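Only a predicted model underlies this, so the values are computations on that prediction, with no experimental measurement involved.
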Amino acid sequence: EVQLQASGGGMVQTGGSLRLSCTASDLDFDEYEIGWFRQAPGKEREEVACFNSGDRSGTYVDSVKGRFTISEDYTKKTVYLQMDSLKPEDTGVYYCAAAPYETSSDTLCGYEFDYWGQGTLVTVSS
């Protein structure tokens, strides 16, 4: 059974940093794109970043470009989201998810995410 475990959330002040981790079990990173999503209070969930294990590149929503970095440790089956220069508008519950490369979607990451981890709360105070 595929499981995704997200961790690393917390409370920081504006300008601070956090690193989120998403560890997968029973999932082949060669076959799945891993993405991070977030949902702010009263807002819809949005794609934040995703990691392509093929070309080892990240894709980011415009609002986090230059501040967030997604990376992968293949041996640990873990994808990280390093979040720097945090802003209050980055507050929300962050989720990681996995999408098979065989799918397609007209979204930021371009794939349909089938597996979801539990959320981890990020709160940025002003």
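Side-chain contact between Val122 and Met83 is present, with heavy atoms from C-beta onward closer than 4.5 Å. Two residues are said to be in side-chain contact when any heavy atoms from C-beta on lie closer than 4.5 Å; Ser105 and Tyr111 fail this criterion. Under the 4.5 Å side-chain criterion, counting only non-hydrogen atoms from C-beta, Thr59 is in contact with Leu108. By the 4.5 Å heavy-atom criterion applied to side chains, Asp30 and Tyr101 are not counted as neighbours.
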Quick one: do Glu46 and Val61 satisfy side-chain contact (heavy atoms from CB on, under 4.5 Å)? Show the steps, please. CA-CA 9 Å; Glu46 67 169 340; Val61 68; 4.3 Å; yes

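Between the OG1 atom of Thr120 and the CZ atom of Arg38 there is a distance of 14.0 Å, given to the nearest 0.5 Å. With values rounded to the nearest 0.5 angstrom, Tyr60 atom OH is found 6.5 Å from Ile70 atom CD1. For the atom pair OG of Ser7 and OH of Tyr94, the computed distance is 15.0 Å after rounding to the nearest 0.5 Å. Taking CG from Leu20 and CH2 from Trp36, the interatomic distance works out to 4.5 Å, rounded to the nearest 0.5 Å. Expressed to the nearest 0.5 Å, how far OG of Ser85 lies from CZ of Arg67 amounts to 7.0 Å. To the nearest 0.5 Å, the span separating CD on Glu72 from OG on Ser53 amounts to 5.5 Å.
A distance-only check finds a donor-acceptor pair linking the side chain of Asp26 to the backbone of Glu1 [under 3.5 Å]. Put simply, the side chain of Thr14 gets close to the backbone of Ser125: a donor and an acceptor are under 3.5 Å apart.
A single hydrophobic cluster is not seen to contain both Tyr80 and Leu27; linkage of ILVMFWY side chains at heavy-atom distances under 4.5 Å, directly or through other members, places them apart. Transitive grouping of hydrophobic side chains (ILVMFWY, heavy atoms separated by less than 4.5 Å) brings Leu18 and Phe51 into a common cluster.
Classification of Asp62 and Lys65 as a salt-bridged pair holds, one side-chain N sitting under 4.0 Å from a carboxylate O.
Side-chain contact annotation: Thr23 with Thr78, donor-acceptor N/O pair under 3.5 Å present. In summary, the side chains of Asp73 and Thr75 do present a donor paired with an acceptor at a separation below 3.5 Å, with no hydrogens or angles considered.
Take Asp106 and apply the side chain to side chain donor-acceptor pair (under 3.5 Å) test, not counting sequence neighbours, and it matches no residue. In this structure Ser126 satisfies the side chain to side chain donor-acceptor pair (under 3.5 Å) test with no other residue, sequence neighbours excluded.
Remark: Lys77 is positioned above the aromatic ring of Tyr74, its terminal NZ or CZ atom under 6.0 angstrom from the ring centre and at most 45 degrees off the axis.
Across all their heavy atoms, Val64 and Val48 have their closest contact at CG2-O, 3.8 Å. In this structure, Cys109 and Glu33 approach most closely via the heavy-atom pair O-OE2, 4.0 Å. Summarising the geometry of Thr103 relative to Glu112, their closest heavy-atom pair is OG1-N, 3.0 Å, with the distance given to 0.1 Å. The shortest heavy-atom contact between Cys96 and Ala6 is SG-CB, 4.0 Å. Taking both residues in full, the closest heavy atoms of Pro100 and Tyr32 are given as N-CD2, 3.4 Å, listed atom of the first, atom of the second, then distance. Looking at every heavy atom in both residues, Tyr115 comes nearest to Leu4 through O-CD1, 3.4 Å.
Summarising the hydrophobic clusters (Ile, Leu, Val, Met, Phe, Trp, Tyr; side-chain heavy atoms under 4.5 Å, direct or chained), the residues clustered with Tyr95 are Phe37, Val93, Phe113, Trp116, Leu121.
The number of heavy atoms from other shown groups lying within 6.0 Å of CD (Gln118) is above 12.
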